[in-house]
Amino acid sequence: MSRLDEPLYFSTHTSARAEQPAPVTLVGAGPGDPDLLTVKAARALGQATLVLYDHLVSKDVLKLIRDDADLIYVGKEAGHHTLTQEGIIELMIRLARSGRAVLRLKGGDPYIFGRGGEEAQALAAAGIPFETIPGISAAQAAGALAGIPLTHRDHACSLVFATGHLREAVDGEPRSVDLDWDMLARPRQTVVIYMGLGSLAIISEQLIGHGLSPDTPAALVEKASTPQQRCLRGSLQTLPMLARLHGVKPPALLIIGEVAALHEQLAPAMKATHCKG
């Protein structure tokens, strides 16, 4: 297996153009546990000869790729991007036009906060044939494996996914999270926030300020589906302090709503759990 650690170099040195572009397959790698891959995704990994993969794709999933495949790391971490999103798209298109079939491997599901929609749009605009293989999302895995049903007839009749990315400070204003707080603070729903660990205190303050009780059950699920998974349960008010106390690190998913309280009942009865509450 060849790991090509300089994707920009590889991109600029791929200049040949085939008569017809090769296809691109957008594949959801799931939350980390290779047993949670779809059969179709596992089959595609076993057949691929060129794979562009992200930071959140686990090493165990990468082991399923054939030994003679070329792997290009295009991961983006806070403060460090191997390539910009535009650079990743340009590289995919360049490789496909050179005649090489590309498997684009993304953590979770490509179309759930994975920017797969942007990549699909770019491929369509460039005339590159593509297929999307969905994956189990981080939210699905975190809820199921922490004993937190994301929907429940008695507690949550709707489910909302949001992203908690902090916006940069503008004109001296502090960094903020741009979300529809009134919508997120509605009763009888579950709110799952991706990438919200760094903005947890802001999220808590805003949701309480927009009407949710400070005692609303909430949980953080860290490294869902991996051997390092743990679940930290508290309330909307206490969870920021608990996260600091327990040193929670990304990737971690925030689950807010009455269903989070079911962790205490379900987790002890589960076959395997790595939770603290």
### Task
Would you confirm whether Glu118, through its side chain, and Arg115, through its main-chain N or O, come within 3.5 Å as a donor-acceptor pair?
no

On a heavy-atom basis, the closest approach of Phe113 and Ala162 is CZ-C, 3.5 Å

Checklist entry - Do Arg94 and Glu90 sit within salt-bridge range, that is, some charged N less than 4.0 Å from a carboxylate O? => result yes

* Could you tell me whether a side-chain N or O of Gln189 sits under 3.5 Å from a main-chain N or O of Leu184, the two making a donor and an acceptor? => yes

Quiz item: Would you say Arg233's side chain and Ala219's backbone share a donor-acceptor pair under 3.5 angstrom?
Solution: no

In terms of heavy-atom contacts, Thr163 and Ile193 come closest through C-CG2, 4.1 Å

Using only atom types and a distance under 3.5 Å, with no angle test, would you say the side chain of His246 pairs donor to acceptor with the backbone of Leu242? no

Test side chain to side chain contact (heavy atoms under 4.5 Å, CB included), reference Val102, set Ile72, Leu50, Thr25, Thr49, output is Leu50

Residue pairs passing the side chain to side chain donor-acceptor pair (under 3.5 Å) test with at least one member in residues 30-46, sequence neighbours excluded, are Lys40-Glu131

Rounded to the nearest 0.5 angstrom, the CG-CG distance for Leu103 and Asp70 is 13.0 Å

Ile128 and Pro21 have their tightest heavy-atom pair at CD1-CB, 3.6 Å

Between Ser58 and Gly32, the two heavy atoms sitting closest are OG-O, 2.6 Å

Nearest heavy-atom approach of Ser225 to Leu36 is CB-CD1, 3.9 Å

(message) Tell me if a side-chain donor or acceptor on Glu222 pairs with a main-chain N or O of Lys249 at a distance below 3.5 Å.
(response) yes

Does the side-chain contact (heavy atoms from CB on, under 4.5 Å) test come out yes or no for Lys63 and Asp60, once each step is laid out?
-> CA-CA 5 Å; Lys63 290 177 183 177; Asp60 288 333; 3.4 Å; yes

The reported gap from CZ in Arg186 to CG in Leu212 (rounded to nearest 0.5 angstrom) is 11.5 Å

Cluster check Ile88, Val24: I/L/V/M/F/W/Y, side chain < 4.5 angstrom: yes

Check the hydrophobic clustering (I, L, V, M, F, W, Y; side-chain heavy atoms under 4.5 Å; chains of links allowed) and say if Leu197 and Leu179 are grouped together.
-> yes

Taken to the nearest 0.5 Å, the spacing of Leu105 CG from Leu71 CG works out to 8.5 Å

- Is a donor on one side and an acceptor on the other found under 3.5 Å between the side chain of His263 and the backbone of Ala146? yes

In short, Val259 meets Ala156 closest at the heavy-atom pair CG1-CB, 4.0 Å

The single option from Ile93, Ile89, Leu52 that satisfies side chain to side chain contact (heavy atoms under 4.5 Å, CB included) with Glu119 is Ile89

Test side-chain contact (heavy atoms from CB on, under 4.5 Å) applied to Val51 and Val27, step by step = CA-CA 10 Å; Val51 178; Val27 178; over 6 Å; no

Output for pair (Leu220 CG, Ile256 CD1), nearest 0.5 Å, gives 9.0 Å

| request: Ignoring hydrogens and angles, tell me if any N or O in the side chain of Lys223 forms a donor-acceptor pair with the backbone of Gln228 under 3.5 Å. | output: no

More than 12 foreign heavy atoms under 6.0 Å from NE2 of His165: is that the case here? no

_Could you walk me through whether Val74 and Asp54 satisfy the side-chain contact (heavy atoms from CB on, under 4.5 Å) test, starting with their C-alpha distance in whole Å, then the side-chain angles of each, then the deciding distance to 0.1 Å, before giving a yes or no?_
CA-CA 6 Å; Val74 292; Asp54 282 347; 3.8 Å; yes

Rounded to the nearest 0.5 angstrom, the CD-CD1 distance for Gln140 and Ile112 is 6.0 Å

- Donor-acceptor under 3.5 Å (Thr216 side chain, Leu236 main chain): no

Subject >> Chi angles and distances behind the side-chain contact (heavy atoms from CB on, under 4.5 Å) call for Leu145, Val221 >> reply: CA-CA 9 Å; Leu145 298 176; Val221 184; over 6 Å; no

- Message: Whether the side chain of Tyr194 engages the backbone of Pro251 through a donor-acceptor N/O pair (distance < 3.5 Å, no angle test) should be reported.
- Response: no

Inset, instruction - For the residue pair His55 and Tyr73, categorise the inter-ring angle as parallel (less than 30°), tilted (30 to 60°) or perpendicular (more than 60°). - result: perpendicular

Using only atom types and a distance under 3.5 Å, with no angle test, would you say the side chain of Arg188 pairs donor to acceptor with the backbone of Asp154? yes

Contacts of Thr132 meeting side-chain contact (heavy atoms from CB on, under 4.5 Å) (sequence neighbours excluded), chain-then-number -> Leu26, Pro110, Tyr111, Phe130

Check: Does one hydrophobic cluster hold both Val160 and Ile203, with members joined at side-chain heavy-atom distances below 4.5 Å?
Finding: yes

